[in-house]
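Shown next, in structure tokens, is the structure this report addresses.
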Amino acid sequence: MFRQTLNMLVTAGAVLKRIPAVFWMVIIWWTGYAIVFAAQIVRMSGPEGMSMSWPQALHFGFGSWMMWVPVTLGLYWLVRRSPIERGRILRSLAILLGASLLTVLLRAAYVYATSSVFHWFGHHPRPGFMEVLTGSLSYNLMLAWVVIGMAHALVFYHRSMDRGRQIARLQEGLTTAKLEALRAQMNPHFLFNALNSVAEMVHRDPELADRMLVSLSLLLQEGLSVDRVQFRPLREEIELINSYLMIEKVRLSDRLKVEWSVETAALDVSVPALILQPLVENAVVHGISRRRAPSVLGIGCELRGETLVVEVSNCVSPDGAAPHGSGIGLGSARSRLQLLYGGRATIRQCSTESGRYLVRITVPTGKYGAASLPGESPA
């Protein structure tokens with residue numbers, strides 16, 4: 001018996017948790033308002049100066065104001081769907097004006113239908129419906145707009161809180177991307193091989209050795225930077241990739257060939273910072289570097305309408321497996337795209353008919369394609 005009672009309580013608690021907090025806020029507000037209203041009636045008088053006891057006053061107060069609970073929830077639902085904001089002001093005003101007039105009509109119908117129960121008009125006979133409707137218009141239209149205003153405040157507050165959490169997740173995603181890029185750039189094997197290549201080139205080709213050191217410096221500076229914005233032009237991402245590939249070309253020699261196919265119009269499109277680094281690094285380290293034969297790394301960027309398409313392709317490793325690597329870099333890129341663009345951006349991995357491994361990213365380039373951070377413009 002005790003266990004059954006406990007299970008019932010647990011089930012009831014789970015059900016209560018699923019009820020939105022705004023429902024309880026509305027219930028508590030109108031309950032408190034009805035009690036305060038009843039207290040005022042007891043202190044002063046009821047309708048037509050009649051004195052009322054507490055039970056009578058509570059009956060009158062709850063009957064009068066608890067009707068606003070479903071009305072308030074309905075108006076809140078409408079405000080969430082059609083808030084008055086830039087780009088939809090007239091449409092939202094029309095919808096909410098209609099809702100407020102419907103509230104006046106419903107309130108008049110409620111008062112008219114329940115007059116015999118709550119005695120809204122005291123000892124006077126119930127007036128005609130049009131007179132009740134006129135009174136409802138003078139009393140309830142303004143109250144309906146007060147509720148609409150409070151609903152807007154609550155909706156925009158929730159948006160602000162969600163926005164703050166989203167920005168925090170974006171910053172966390174950017175930090176993860178920076179750490180992943182830095183991990184790749186400061187990988188002991190990468191640094192060891194890069195420095196060995198520089199040492200060899202110092203005597204054979206001092207100018208190339210100098211360029212390698214500059215590229216390595218740029219990579220480390222990029223990884224250690226802590227004030228990087230969320231978005232930047234694609235051309236800056238390509239410059240970073242060029243610095244990385246310049247070092248890898250020296251290390252891998254003829255085994256690495258790079259084929260670029262970048263539309264000029266795509267160079268100024270804003271993309272998430274450090275979004276290409278893990279893709280290229282994944283292709284080089286886990287695909288091309290494992291092959292002895294020369295391999296081609298393909299990097300393509302093109303605009304298709306209002307969508308930027310970025311593709312990175314390479315030959316698969318000798319065992320035929322796709323170069324997944326640790327999966328951290330691609331997972332970080334996928335998470336950031338989801339946070340920044342929602343379902344409007346994609347990242348897909350597949351094998352082509354020619355036997356190459358391909359990673360394709362698509363991101364929107366429109367004005368409202370990405371979630372801009374304060375002070376930034378994504379495109």
Side-chain angles (χ1 to χ4, degrees), residues 177 179-205 208-209 211-216 218-220 222-223 234 237-262 274-302 309-334 346-362:
L179 291 175
E180 177 62 21
L182 184 60
R183 181 198 63 77
Q185 294 153 14
M186 297 189 67
N187 184 288
H189 297 289
F190 172 76
L191 284 176
F192 178 77
N193 292 327
L195 292 175
N196 267 348
S197 299
V198 171
E200 293 177 7
M201 289 296 163
V202 165
H203 302 289
R204 292 166 47 192
D205 192 337
L208 179 59
R211 292 206 307 271
M212 290 180 65
L213 287 175
V214 171
S215 297
L216 184 59
L218 290 174
L219 285 171
L220 295 179
E222 184 69 28
L234 177 64
E237 283 291 292
I238 291 177
E239 290 174 3
L240 175 66
I241 298 303
N242 271 324
S243 297
Y244 171 75
L245 290 177
M246 187 264 182
I247 296 174
E248 291 289 16
K249 279 182 183 179
V250 174
R251 184 174 71 85
L252 298 175
S253 187
D254 294 337
R255 291 160 56 195
L256 172 61
K257 296 182 179 179
V258 182
E259 291 184 355
W260 289 91
S261 178
V262 181
L274 297 173
I275 199 68
L276 299 184
Q277 168 74 20
L279 275 63
V280 174
E281 185 255 347
N282 196 64
V284 172
V285 174
H286 301 290
I288 294 175
S289 65
R290 295 181 180 181
R291 297 173 57 89
R292 294 186 179 276
S295 301
V296 176
L297 172 67
I299 303 176
C301 306
E302 64 174 336
V309 180
V310 178
E311 295 182 343
V312 177
S313 64
N314 61 276
C315 298
V316 298
S317 56
D319 57 6
H324 294 298
S326 64
I328 298 176
L330 292 179
S332 171
R334 182 175 288 106
T346 62
I347 177 170
R348 292 189 174 90
Q349 303 160 254
C350 62
S351 296
T352 65
E353 294 180 356
S354 59
R356 292 174 62 80
Y357 177 72
L358 174 71
V359 177
R360 177 185 292 116
I361 287 181
T362 61

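Closest approach of Pro294 to Asp254, counting heavy atoms only: CB-O, 3.5 Å. Residues Asn314 and Gly287 approach most closely at ND2-CA, 3.9 Å, considering heavy atoms. The minimum heavy-atom distance linking Ser215 with Ser243 is given by the pair CB-O, 3.5 Å.
Expressed to the nearest 0.5 Å, how far CD1 of Ile299 lies from CG of Asn242 amounts to 7.5 Å. Annotation: the span from Glu281 atom CD to Ser289 atom OG amounts to 9.5 Å, rounded to 0.5 Å. Here the straight-line distance linking atom OG1 of Thr352 with atom CZ of Arg360 works out to 10.0 Å at 0.5 Å rounding. Within the model, atoms CD of Glu259 and OG of Ser313 stand 8.0 Å from one another, a figure rounded to the nearest 0.5 Å. Residue Arg348 holds its CZ atom at 11.5 Å from CD1 of Ile361, rounded to the nearest 0.5 Å. Here the CG atom belonging to Leu252 is positioned 8.0 Å from the CD1 atom belonging to Ile288, to the nearest 0.5 angstrom.
A donor-acceptor pair under 3.5 Å links the side-chain atoms of Glu237 to the main chain of Ile275, judged by distance alone. Checked by atom type and distance alone, the side chain of Arg356 pairs as donor or acceptor with a backbone atom of Val296 at under 3.5 Å. In this structure, the side chain of Arg291 does not engage the main chain of Arg255 through any donor-acceptor pair within 3.5 Å.
Annotation: side chain of Leu245 is in contact with side chain of Val284 (closest heavy-atom distance under 4.5 Å). Residues Met246 and Met212 are in side-chain contact: their nearest non-hydrogen atoms beyond the backbone lie under 4.5 Å apart. For the pair Tyr244/Leu276, no side-chain contact is recorded, criterion being any heavy-atom separation below 4.5 Å from C-beta on. Between Leu234 and Cys301 the shortest side-chain heavy-atom distance falls below 4.5 Å.
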